[in-house]
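So the structure is just underneath, and the comments pick up after that.
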Amino acid sequence: MQKNLEPKYNYHQVEEGKYDHWVKQGYFTAGDKSKEPFTIVIPPPNVTGILHIGHAWDNALQDIISRYKKMRGYDMLYLPGMDHAGIATQAKVDARLKSEGISRYDIGREKFLERAWEWKEEYAATIRKQWAKLGNSLDYTRERFTMDEGFNDAVKHVFVSLYNEGLIYRGWRIINWDPEARTALSNIEVYHQNIPGKMYYFNYKVVETEDSFTVATTRPETMFGDVCVVVNPKDERFTHLIGKHAINPANHMPLPIITDEYVDVEFGTGAMKCTPAHDPNDYQIAERHGLEKPICMNPDGTMNALAGKYEGMDRYECRDKLTSDIEAEGNLIKIEDIEHEVAHSERTHCIVEPYLSEQWFVKMKPLAQDVLDHQKDPDQHIYFYPERFERTFEQWLENIEDWCISRQLWWGHRIPAWYHKETGEVYVGEKEPEDIENWTQDEDVLDTWFSSALWPFATLGWPEDTEDYERYYPTSTMVTGYDIIFFWVARMAFQARHFTKQRPFKDVLIHGLIRDAKGQKMSKSLGNGIDPMQVIEDYGVDALRFFLTTNSTPGQDMRYIPEKVEASWNFINKLWNASRFVLLNLPDDFDPKSISFEDLTESDIWILNKLNETIAHVTQNMEKYEFALVGNELYSFIWEDFCNWYVELSKASLNSDDIKLQKSAQGTLYICLLNILKLLHPFVPFVTEEIYQTFCHDQESLCLESWPEVINEVPQIDTLSMDRLISVIKKIREVKIVSHLKPSAPLDIMIKDLDGNALPVDPAQANMLQRMAKATWLDKIEGDLAVETVYAGTLLIPSEELLDKEAEIAKLKQEEKRLNGELARSRGILNNPGFLNKAPQAKIDEEKRKQSDYEKQLSAVIERLKMLDK
RNA sequence: GGAGGCUUAGCUCAGUUGGGAGAGCGCACCCUUCACAGGGGUGAUGUCGCAGGUUCGAGUCCUGUAGCCUCCACCA
């Protein structure tokens, strides 16, 4: 059944058709009840567009864990799905409508939603294609969407329950208002950016006296919503004015002058204007003093009737006009250029307006506290990798404020609240009121993250008590970026805690952001984004996956560097060629069952021990999500130990006439390759499957193989003698270069230990020396091309005729210097009573051995130098 | 104003309980029958940001400090 691999690694050909086949065969479908479940839910991508390279990274990590766990014998569920992404998708659909010359208001809510669903279907199809390209081992029989029927029920259930428990309420609060999207935002949907601005100083005249004083503001347009002027009660500069009134320079209305501890005497002029409807601090002051909270702006950021002649003007236009009008009246004192932190909308990037409005909120303190309390329970603790993000997570929960969950959008879960048309009574329920004609439903929808927060359990059928929910929940590992710990991870944590009484996942593996080669964040405006589909086109998906998952440590950002993707490609190419070598050297009737561990050569045993070591280390690090370490170890085992050493060494056996030698090399090559394929499969599933299919295999697919375990039949050896051989070979190569000999020039050698005794070389070793270094072993030095090597040291002595004397002396001097340095260090330690008293005995012995080796090597070097001096 | 990360070879980064500084790429020189020239071989290159401390011993632990970066935070 055996066939050979194509001479060239062609990733297009290798990847072709495999994924569809895997899906069709049901390899990714969970449900084997005989096994223990392991669950990963995909962080649902937004249906706003296509996947970017950050998704490719995120998914590659999940897929590696999934494939690994499946091989480890788990009933693996990797659950796919997508997020409706309320505000983002609505903006995209709006833009599409705009390109057709219409607005959503022209077509109305129903029609708009139809268009949004069209959009969703279109992009969902694209995303599925991209998942396929990436090779994600997703169970499509369980795919979910945050607005599918079951999910809608879950959302309603959660909303109604929290409302009935008093954990959701509706009220007037200062919220972040996005005037462009015309919706409320939660605190974490805004970001603060330091931008240049101006501080305006205005003259306020006092009504009752001839006094006047200065008030500073950055937002003059809000002066139409001012209700008072506030000073600190302890501020003696203003004591005589307290209780009097000042004229608002904007509208000439008198404002009471009051006191409040909040005012900072040091800041500004010490006198602060108070706009309760447009500033959260001012709102607090107004609450304390029982003041009105007039709103002076419209939802679109224009001024309302309160602004008088400025009504209808944009907020910034009003700011300028008003300022010049005040200046004309002689009440502008100065304008200062300043830099300040201003809140911007994450979505539209416009400046967010603190705005008094009636919204729905989740009362967060008790929910957050519940999570924090359970972090103390090891069985309910959510473990972050790396651990430091636990602090980020917990500190955020400790300082949490109520969550504004209503959004003035159409695309999303409509709030299940109705208002009675006559009585104004509020009804909240999963089903609409029976006498629906008397009620009006709340126009708003819920924050997207309100539904995303239910993802790990609602996707499994909750609130129904389904079989999947019973079996696969709580989930095992969540993989996501540090940028959405607050948006998503924390919210899943408290919703899960509250509704399922469990943590939503045991582990959270955090990764960073992927940046461009210069370290800049990828963004549309910079045009420095990398399309993963293009990378796959250029290098193949396996190279992309290997690059993405082995080049960074957990939680750390990574740069996209094309040369590193190329390096990954080269590695895969190396694997391909090594596999070709193995296949070319296995006989047609090769039977893995005939492999015997009885007649292995020293080099066979050496590489199999290396393999065992690799299996053990890789498995340990896979469990710790240390994929970069795994990558490094596999890379050096495969390229260095297996390809550069063992494959070359094996040629001696393969080409010999001894059937036993041939067989043991063949068996060893087979075992190594099979295990290499298994170890690499989670990282590079396509190429490993292609190779696996090409030679004798037990399973119909590598996807069904089990993870390698340490092979106990391999004889344990001290690898010292192979290491000795390797160091001798390296030395011979070195002396040939120093002596300007061709690598292929034959050389006779004698090997001595440090005490000058000739070491025996067995026929196998002689064979290897012949093969790897074109050297033969001699009983004694004779002829022109003879060298002797001193093992365990680094000295290799070519005969005089061979060598470049100058170069040899220079090299020996350098060696002498190094050895003296090492000896000084070694003696220093061994003369230190502290070391002798406190260090472990093994360390002391090791150091003594080193010292004696150094001494022997040094005397050999010195002796050699003396000889050359003659 | 809080919190965290980074600083190791020319570049990008590893370095898992403290015990002789690593990889990839790049660089120099050599090598094309025998899996692979997108390959093989040999080699050069580091005051591990700086200063203290703990320790017999610190790239690794502690304290301080500089530079770069990120997150959180309501200062008019």
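Please read all numbers here as calculations on a predicted model, not as lab measurements. As a basis for the values below, the full set of heavy atoms in this structure was taken, side chains included, without hydrogen atoms, waters or symmetry mates. Chain A is the first sequence line, chain B the second, and so forth, proteins listed ahead of strands; every chain is numbered from 1.
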Taking the nucleotide of RNA chain B with the closest heavy atom to each, which residue, A:Trp645 or A:Phe267, is nearer the 5' end? A:Trp645
Set of residues satisfying ring pair (Phe, Tyr, Trp, His ring centres under 6.0 Å) with respect to A:Tyr283, sequence neighbours excluded: none
Would you mind reading off the distance between A:Glu633 atom CD and B:A23 atom P, rounded to a whole angstrom? 15 Å
Roughly how many Å is it from CG in A:Asn837 to C1' in B:U55, rounded to a whole number? 14 Å
Under 4.0 Å, counting only non-hydrogen atoms across every strand here, what does A:Tyr9 touch: a base, just sugar-phosphate, or nothing? nothing
Please answer whether B:G57 and A:Phe835 are stacked, defined here as ring centres separated by less than 5.5 Å and planes angled under 30°. no
Just to be sure I understand the rule, does A:Trp396 reach a base, reach only the sugar-phosphate, or reach nothing, if contact means heavy atoms closer than 4.0 Å? nothing
Nearest-nucleotide pick for A:Glu563, side chain only, options being B:C72, B:C25, B:C74: B:C25
For B:G26 versus B:U45, give the span between their C1' atoms, rounded off to a whole number of Å. 12 Å
For A:Glu690, is there any backbone N or O sitting under 3.5 Å from a side-chain donor or acceptor partner on A:Thr694? yes
Using a 4.0 Å heavy-atom cut-off to protein, can you give one letter per nucleotide of nucleotides 3-11 of chain B, 5' to 3': B if the base is in contact, S if only the sugar-phosphate is, - if neither? SSSS-----
Whole-Å distance between B:A76 C1' and A:Asp235 CG? 14 Å
A:Asn621 or A:Glu401: which one's nearest nucleotide on RNA chain B is closer to the 5' end? A:Asn621
Residue set satisfying side-chain hydrogen bond (donor to acceptor under 3.5 Å, both in side chains) with A:Asn767, at least two apart, ordered chain then number -> none
Between B:C25 and B:C69, how far is it from one C1' atom to the other, in whole Å? 25 Å
Per-nucleotide protein contact along nucleotides 30-37 of chain B, 5' to 3', at a 4.0 Å heavy-atom cut-off (B base, S sugar-phosphate only, - neither), is -S---BB-
What distance, rounded to whole Å, do you find between the two P atoms, one in B:G18 and one in B:C61? 8 Å
Residues at least two apart in sequence or cross-chain that pass ring pair (Phe, Tyr, Trp, His ring centres under 6.0 Å) with A:Phe642, listed by chain then number, are none
P-based separation of B:A21 from B:C30 [nearest Å]: 32 Å
Residues two or more places apart in sequence or in another chain: which of them pass salt bridge (Lys or Arg N to Asp or Glu O under 4.0 Å) with A:Arg237? A:Asp235
A:Lys521 has its side chain closest, among B:C75, B:G15, B:C71, to B:C71
In whole Å, what separates the C1' atom of B:C48 from that of B:A58? 11 Å
Taking the C1' atom of each, how far is B:U8 from B:G49, in whole Å? 10 Å
Hey, does A:Val230 reach any base, or is it just sugar-phosphate, or nothing, if we go heavy atoms under 4.0 Å? nothing
Sequence neighbours left out, what passes side-chain hydrogen bond (donor to acceptor under 3.5 Å, both in side chains) with A:Arg315? Give chain and number order. A:Glu353
Starting at CD of A:Glu815 and ending at P of B:G43, how long is that distance when rounded to a whole Å? 12 Å
Between B:G64 and B:U17 - C1' atom distance, rounded Å: 27 Å
Could you state the atom-to-atom distance from CZ of A:Phe571 to C1' of B:A23 in whole Å? 13 Å
Check salt bridge (Lys or Arg N to Asp or Glu O under 4.0 Å) between A:Lys273 and all other residues, then give those that pass, not counting sequence neighbours. A:Asp226
For RNA chain B, what are the stems built from at least three Watson-Crick or G-U pairs in a row, each pair having both distances below 3.5 Å? B:1-7 with B:66-72, B:10-13 with B:22-25, B:27-31 with B:39-43, B:49-53 with B:61-65
Look at the rings of A:His344 and A:Tyr191 and say which category their plane angle falls in: under 30° parallel, 30 to 60° tilted, over 60° perpendicular. parallel
Looking only at the side chain of A:Lys624 (C-beta and beyond, no hydrogens), which of the listed nucleotides B:C74, B:G24, B:U16 gets closest? B:U16
Sorted by chain and residue number, the salt bridge (Lys or Arg N to Asp or Glu O under 4.0 Å) partners of A:Glu847 (sequence neighbours excluded) come out as A:Arg825, A:Lys850
Looking at the side chain of A:Glu734, which of B:U70, B:U42, B:C74 is the nearest nucleotide? B:U42
What does A:Asn281 touch in the nucleic acid at a heavy-atom separation under 4.0 angstrom: a base, only the sugar-phosphate, or nothing? base
Please determine if a side-chain N or O atom of A:Thr217 lies less than 4.0 Å away from the OP1 or OP2 oxygen of B:A76. no
Who are the side-chain hydrogen bond (donor to acceptor under 3.5 Å, both in side chains) partners of A:Glu390, not counting sequence neighbours? A:His381
So, is the end of the A:Lys334 side chain (NZ or CZ) under 6.0 Å from the ring centre of A:Tyr201 and within 45° of the ring's axis? yes
C1' atoms of B:U7 and B:A51, separation to the nearest Å: 16 Å
Does A:His340 offer a backbone N or O that forms a donor-acceptor pair with the side chain of A:Asn194 under 3.5 Å? yes
Search all heavy atoms of A:Val489 against all heavy atoms of A:Val508 and return the closest pair with its distance. CG1-CG2, 4.4 Å
Write down the distance between NZ (A:Lys564) and P (B:G26), rounded to a whole number of angstrom. 13 Å
If you look at every strand shown and take non-hydrogen atoms under 4.0 Å, does A:Lys730 touch a base, only sugar-phosphate, or nothing? sugar-phosphate
Under the rule for salt bridge (Lys or Arg N to Asp or Glu O under 4.0 Å), what residues qualify as partners of A:Glu648, not counting sequence neighbours? A:Lys651
Rounding to a whole Å, what distance do you find between A:Leu629:CG and B:U17:C1'? 15 Å
Select base, sugar-phosphate, or nothing to describe what A:Thr553 touches, counting heavy atoms under 4.0 Å on all strands. sugar-phosphate
With a non-hydrogen cut-off below 4.0 angstrom, is A:Glu846 in contact with a base, only sugar-phosphate, or nothing? nothing
What contact category does A:Asn832 fall into here, base, sugar-phosphate, or nothing, at under 4.0 angstrom with non-hydrogen atoms? sugar-phosphate
Just wondering, are more than 12 heavy atoms of other shown residues or ligands nearer than 6.0 Å to CD in A:Gln395? yes
Please report, rounded to the nearest Å, how far the P atom of B:C75 is from the CG atom of A:Asp264. 12 Å
